[in-house]
Enquirer: 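Just passing along the structure, written as structure tokens.
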Amino acid sequence: MSDFNCSIVEHNKIQIIKLKGYLDAHTAPMLEENFTELISKNKFNIVVNFKDLNYISSAGLGVFMAYIEKIRENKGDIKLTEMNEKVYNIFDLLGFPLLYEIFDKDEQAISKFLGNKSE
Amino acid sequence: MNDNTLIIISRTENLSKVRDFINYQALNAGFNSGDVQDIILAVDEAVTNIIKHSYSFDPEGEIRIEIEIKDDEFIITITDKGKSFNPASVPEPDIRKYQKEHRVGGFGLYLMKKFMDDVSYTSIPDNYNKVTLKKKIH
């Protein structure tokens with residue numbers, strides 16, 4: 001039984017990873033695989049949608065820390081969207097808003113990527 | 001083993017069992033759902049630390065979680081028989097520094113302390129480690 005899954009859709013060459021369920025030390029490797037695969041395909045503009053994510057522990061937060069530098073070195077970014085209040089609170093407690101852009105909606109993150117590209 | 005005790009082996013697949021157990025116990029004790037979620041996260045972090053650090057992912061280690069309610073306090077005691085742990089060696093997380101150092105851990109203990117009223121460790125080398133988490137029942 002898996003209590004977590006993630007799916008990827010592409011929109012304007014931006015990858016949107018949708019998270020669902022419980023992201024903990026057991027399920028974090030599944031998300032890592034997705035990041036590893038995107039990076040191996042040189043896809044560095046990534047939006048992570050948290051709308052259906054019920055739960056995150058520090059093992060899940062660690063995944064974002066593990067890949068951000070590599071992605072930014074390649075002029076990409078990880079932008080985070082649609083977190084529920086509880087999940088946002090955990091990101092906030094650990095200072096993630098200092099390092100990551102967090103948006104209410106995917107569209108805002110996408111237009112930020114598209115805007116940045118035309119600079 | 002009674003209703004107030006859960007014994008698992010040190011595999012991350014058991015974290016969901018731990019969360020279900022704590023959910024049941026904390027709701028029964030009278031915590032609101034926000035507090036219940038905080039307690040679940042704190043215990044998840046403690047057990048994850050044990051699996052990663054005390055047992056170094058050895059999948060056969062025993063982890064015992066006991067609940068006690070004393071003087072309006074919800075007390076969770078988690079015992080393992082792995083390597084001893086010194087919480088004083090864990091610094092407060094600094095996310096900018098972590099990014100530079102490519103560090104991915106170190107957040108768990110901080111969250112445990114944030115969400116519980118008291119977190120204490122006892123370690124008897126070559127015998128057992130015990131972490132005790134306490135939260136007042138309002």
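Quick caveat, the model's predicted, so the values are computed rather than measured. Just so it is clear: chains get the letters A, B, ... in the order the sequence lines come, proteins before strands, and each one is counted from 1.
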Enquirer: If I measure from the heavy atoms of chain B, does A/F64 come under 4.5 Å with its side chain, its backbone, both, or neither?
Expert: neither
Enquirer: Only heavy atoms, only distances under 4.5 angstrom. Which residues in residues 27-49 of chain B are near chain A?
Expert: B/G34, B/Q37, B/D38, B/I40, B/L41, B/D44, B/E45, B/T48
Enquirer: Could you state whether A/F50 and A/I102 fall into the same hydrophobic cluster, counting links through intermediate Ile, Leu, Val, Met, Phe, Trp or Tyr residues with side-chain heavy atoms under 4.5 angstrom apart?
Expert: yes
Enquirer: Does atom CG of B/D71 have more than 12 heavy-atom neighbours from other groups under 6.0 Å away?
Expert: no
Enquirer: Is it possible for you to say whether B/I124 and B/I50 belong to one hydrophobic cluster, with membership spreading through side-chain heavy-atom contacts below 4.5 Å?
Expert: no
Enquirer: Using only non-hydrogen atoms and a strict under-4.5 angstrom cutoff, which residues of residues 31-42 of chain A touch chain B?
Expert: none
Enquirer: Name the member of B/R11, B/R19, B/K114, B/K52 that forms the most heavy-atom pairs with chain A at distances under 4.5 Å.
Expert: B/R19
Enquirer: At what distance, to the nearest 0.5 angstrom, does CD of B/E13 lie from CG of A/D24?
Expert: 11.0 Å
Enquirer: Could you measure the distance from the OG atom of A/S58 to the CG atom of B/L109? Nearest 0.5 Å is fine.
Expert: 10.0 Å
Enquirer: Are B/I22 and B/I9 linked, directly or through other ILVMFWY residues, by side chains that come within less than 4.5 angstrom of each other?
Expert: no
Enquirer: Do B/L6 and B/Y128 share a hydrophobic cluster, counting only Ile, Leu, Val, Met, Phe, Trp and Tyr and linking them when any side-chain heavy atoms are less than 4.5 Å apart?
Expert: no
Enquirer: Once you round to the nearest 0.5 Å, how far does CZ of A/F4 lie from OG of B/S16?
Expert: 14.0 Å
Enquirer: Just wondering, are more than 12 heavy atoms of other shown residues or ligands nearer than 6.0 Å to NZ in A/K86?
Expert: yes
Enquirer: Given the rule that I, L, V, M, F, W and Y join up when any side-chain heavy atoms are under 4.5 Å apart, are A/I71 and A/I8 in one cluster?
Expert: yes
Enquirer: Would you give the length of the straight line joining atom CG of A/N89 to atom CZ of B/F115, rounded to the nearest 0.5 angstrom?
Expert: 5.0 Å
Enquirer: Evaluate the side-chain contact (heavy atoms from CB on, under 4.5 Å) criterion for residues A/L93 and B/L111: first the C-alpha distance (whole Å), next the side-chain angles of each, then the deciding distance (0.1 Å), finally the verdict.
Expert: CA-CA 8 Å; A/L93 272 175; B/L111 290 174; 4.0 Å; yes
Enquirer: If I measure from the heavy atoms of chain B, does A/I68 come under 4.5 Å with its side chain, its backbone, both, or neither?
Expert: side chain
Enquirer: Would you indicate whether B/K130, at its atom NZ, is surrounded by more than 12 heavy atoms from other residues, nucleotides or ligands within a distance under 6.0 Å?
Expert: no
Enquirer: Specify the closest pair of heavy atoms between A/H26 and B/T12, including all atoms of both residues, with the distance to one decimal.
Expert: ND1-OG1, 2.8 Å
Enquirer: So for atom CD, which belongs to A/E10, do other residues, nucleotides or ligands contribute more than 12 heavy atoms lying within a distance under 6.0 Å?
Expert: yes
Enquirer: Below 6.0 angstrom between ring centroids: does that apply to A/F91 and B/F107?
Expert: no
Enquirer: Could you look at A/L94 and say if it's the side chain, the backbone, both or neither that has a heavy atom under 4.5 Å from chain B?
Expert: both
Enquirer: Count the heavy atoms of every other residue, nucleotide or ligand shown that sit under 6.0 Å from NZ of B/K136, and state whether that count exceeds 12.
Expert: yes
